[in-house]
Amino acid sequence: MKSIPDKLYDGLRSVKLAAFLIVLLAILSVVGGIIPQGRSEAFYLQKFPGQATLILALRLDAIFTGRVFLILAALFTVNLTVCSFHRFTGELKKPRKNRRHGPDFLHIGLIVLVFGAMLTARTRTESILYLAKGQTGSLPDGTAITLTDLKEERYPDGRPKSWESSIALEGGAIALVKVNSPLRLKGWTIYQQDWKSGARALFEDAAGMRFSLEQGARFAIAGGSILFMDIRREQPAEVGADEYSGAKALLLLEREGKRQVLSVGKGDPVGLFSFEGFEKESISGLKAVKDKGYPFVAAGFAMALFGLFLTYIRRLKGLFA
Amino acid sequence: MIATAAFVCLIVSLAAQAVFFFRKDGKKDPVSHWAALAAGLLLAAEMIRRSLAIRFVALTSMYESLIFLSCLVAILVFALRFMRKLKTERAIAFGATALAIVFLALASSPLAPDAIQPPVPALQSGWLLLHVSFTFIGEAFFAAGFVCAILQLAAKDEEKRRGYDRLAYTSIAIGYPLFTAGALVFGAIWAEKAWGVWWSWDPKETWGLITWLTYTAYLHFRLVRKNTSKLMPILVIAGFLIAMFTFFGVNFLLTGLHSYA
């Protein structure tokens, strides 16, 4: 007669339990693979008018962060851990030449991976900085970075070929960030995440002095300020023409306590200045990530790969033997 | 043009196999495996031609993925002839050749434009090449397993059923580590480098995981159930159909990060 701990151990190391949990996780994943995840309530009401209530009530819109999926995944991790321990100790009892450690490395790699993923879920910090050339931004911990240069190359058909941002770090060192080639800096990883073109509004005073404003920025003038709010196009630009030709700048002019919204085109007056049109600029979207789970996830993948390699070599030997 | 020549080679291979398929003396045709090899080499040449044109390994579009998959299956058909222990090689080679033809036919359809386009920045990664190539090599073995599983279900003779079952298992056991490394491990590493996340529950990732879970379930059920159970071939067939849905269906029915392949 087995004791309760022995029964529990046998139950948790059971391959049948593993297979059962894998099937359940697969079924839930199919549901999550069919129903788009994490969308708004309005999306489900529009896309699945007959089933939206059920989807939202059962939280099928958030399967992978839902309690059922997480409980099954946790149980599977426990099963995998106990199974791996049992299997590994069993293999050690065999003669060295009969040992098969490929599945052990794969299983332990998966456990390390799950641990890393949990750490990532709890500790990951992420922020996106949009910087134009010469602009400085701060990472969430206050580390300042300045975009010193950005290069964009395009193929003849207009598709992007490469995006690169040169970044000046505190202390003056310059580092390069490219798509697929992130920069690791003081525990942060900076990715070339986005790239877009923007426009600055150009102004000139009576003396011919010019200044420009990025969208959302304010310029102080005597007794008030000019805020560049938005760009308005009453009709699309003609093919081949400058994309901002005919576009107007939406400004908020504050003077002597009075506020006035202006929609101005090239040459229109704005207080003591005149609006001189738009100046195009490229903006680099940099994603900064701090993730304590990173080394564990990477180690988990490395172990899993090693386990797969050992398993593969053995299978191949068996096939051509 | 090269792909068309490869298609003709595969048709010749299939026709030669069909002629000899029903011979009772068991004699093997002398040309089908060479025709399959020729098709595989032609498709490899087509990939090299496209790679030279874009100065990058041509594995970044649906068309290129399909000719790569067809190339792998054609070479597998050739290799089958030299696995002398296989008594059921003819039927498996026939099914696999038919699958290679299907992949190539799909490559010539409007679903897979054949325009030669150099890759956008996110696709310019060595990890992507490992991700795609290992995934498809794994899937080529899954294709062989799929054919064996169908033959297993159709076989009336118990000995044949066992033979097909063993072959299906061998195919999956070889394809599974390659698919796991390619689809999940290398895919996640590429995603981390390109987008800063290992995993984002993108539809293609989710369906890739479902494919992996299906084959994982198969390998675990093998440990606890009799080999003669019909569940085994059914899981192998389901796994391959899910893999093909992940490859094609997700692109056309669901949107996500993998819109290009």
Side-chain angles (χ1 to χ4, degrees), chain A residues 14-16 18-20 22-23 25-26 29-30 32-34 36-38 63-64 102 106 113 116-117 120 124 126 155 157 159-163 178-182 189-193 195 287-289 291 293-294 297-298 301-302 304-305 307-312 315-316 318-321, chain B residues 82-83 85 115 117-128 170-171 173-178 180-181 184-186 188-190 192-199 201 203-207 209-214 216-225 235 242 245-246 250 253-255:
Chain A
S14 153
V15 179
K16 276 184 189 170
F20 177 67
I22 290 164
V23 170
L25 287 169
S29 300
V30 169
I34 292 169
Q37 297 291 292
I63 286 266
F64 302 113
L106 175 58
L113 190 66
T120 294
R124 183 185 163 94
E126 179 181 315
Y155 294 115
D157 63 1
R159 292 177 320 119
K161 184 179 180 183
S162 78
W163 289 329
K178 289 159 65 173
V179 180
N180 276 313
S181 181
T189 308
I190 300 171
Y191 300 87
Q192 182 67 65
Q193 176 78 8
W195 189 278
K287 179 158 93 172
V289 174
D291 180 5
Y294 179 90
V297 175
F301 277 137
L305 270 181
L308 288 169
F309 175 73
L310 289 181
T311 311
Y312 178 69
R315 294 288 174 209
L316 214 57
L319 183 69
F320 290 103
Chain B
F82 299 96
M83 293 180 188
K85 279 187 182 176
Q117 287 189 318
V120 295
L123 303 182
Q124 296 164 18
S125 166
W127 291 110
L128 166 80
T170 307
S171 304
I174 293 171
Y176 180 82
L178 294 165
T180 308
L184 302 185
V185 180
F186 294 140
I189 295 172
W190 172 48
E192 193 280 327
K193 293 270 183 201
W195 294 293
V197 282
W198 299 101
W199 191 266
W201 295 110
K204 198 101 169 178
E205 288 173 358
T206 305
W207 282 96
L209 177 71
I210 295 164
T211 306
W212 184 77
L213 286 171
T214 308
T216 306
Y218 166 77
L219 292 173
H220 284 78
F221 274 123
R222 292 268 325 185
L223 299 171
V224 290
R225 286 186 75 120
L235 274 174
I242 293 169
F245 176 75
T246 306
V250 171
L253 300 175
L254 307 161
T255 55

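Ring geometry for B:F186 against B:W127 counts as tilted: the plane angle lies between 30° and 60°, on a 0 to 90° scale. Below 30°, between 30° and 60°, or above 60°: for B:W198 and A:F301 the angle between ring planes is between 30° and 60°, a tilted geometry.
Judged purely by distance below 3.5 Å, without hydrogens or angles, the side chains of B:T246 and B:T211 pair a donor atom with an acceptor atom.
Using a 4.5 Å cut-off between heavy atoms, B:I242 does not touch chain A at all. At a 4.5 Å heavy-atom cutoff, the contact between A:Y294 and chain B is made by backbone and side-chain atoms alike. With a threshold of 4.5 angstrom between heavy atoms, A:A26 approaches chain B through its backbone and through its side chain. The contact between A:K16 and chain B is made by backbone and side chain atoms together, counting heavy-atom distances below 4.5 Å. For A:I34, the parts lying near chain B are the backbone and the side chain together; criterion is any non-hydrogen pair under 4.5 Å. Neither the backbone nor the side chain of B:W199 comes within contact range of chain A; no heavy atom of the residue lies under 4.5 Å from a heavy atom of that chain. Proximity to chain A (any heavy atom under 4.5 Å) is shown, for B:Y218, by neither the backbone nor the side chain. Contacts of A:Q37 with chain B are absent, with no heavy-atom separation under 4.5 Å from either backbone or side chain.
The residue among A:E126, A:K161, A:Q193 with the most heavy atom pairs within less than 4.5 Å of chain B is A:K161. With respect to chain A, the highest number of heavy-atom pairs below 4.5 Å among B:G126, B:P118, B:A217, B:P119 belongs to B:P118. Looking only at heavy-atom pairs under 4.5 Å with chain B, the residue among A:V30, A:I22, A:N180, A:L106 that has the most is A:N180.
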Report task. Please assess A:Y191 against B:E192 for the test side chain to side chain donor-acceptor pair (under 3.5 Å), listing each intermediate value before the final yes or no. Result -> CA-CA 9 Å; A:Y191 300 87; B:E192 193 280 327; 2.3 Å; yes
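Environment of CZ in A:F64: crowded, with over 12 heavy atoms of neighbouring residues, nucleotides or ligands closer than 6.0 Å.
With sequence neighbours excluded, no residue forms a ring pair (Phe, Tyr, Trp, His ring centres under 6.0 Å) with A:F20.
The OG atom of B:S171 sits 16.0 Å away from atom OH of B:Y176, with the distance rounded to the nearest 0.5 Å.
In this structure the side chain of B:V197 reaches within 4.5 angstrom of the side chain of A:R124, judged on heavy atoms.
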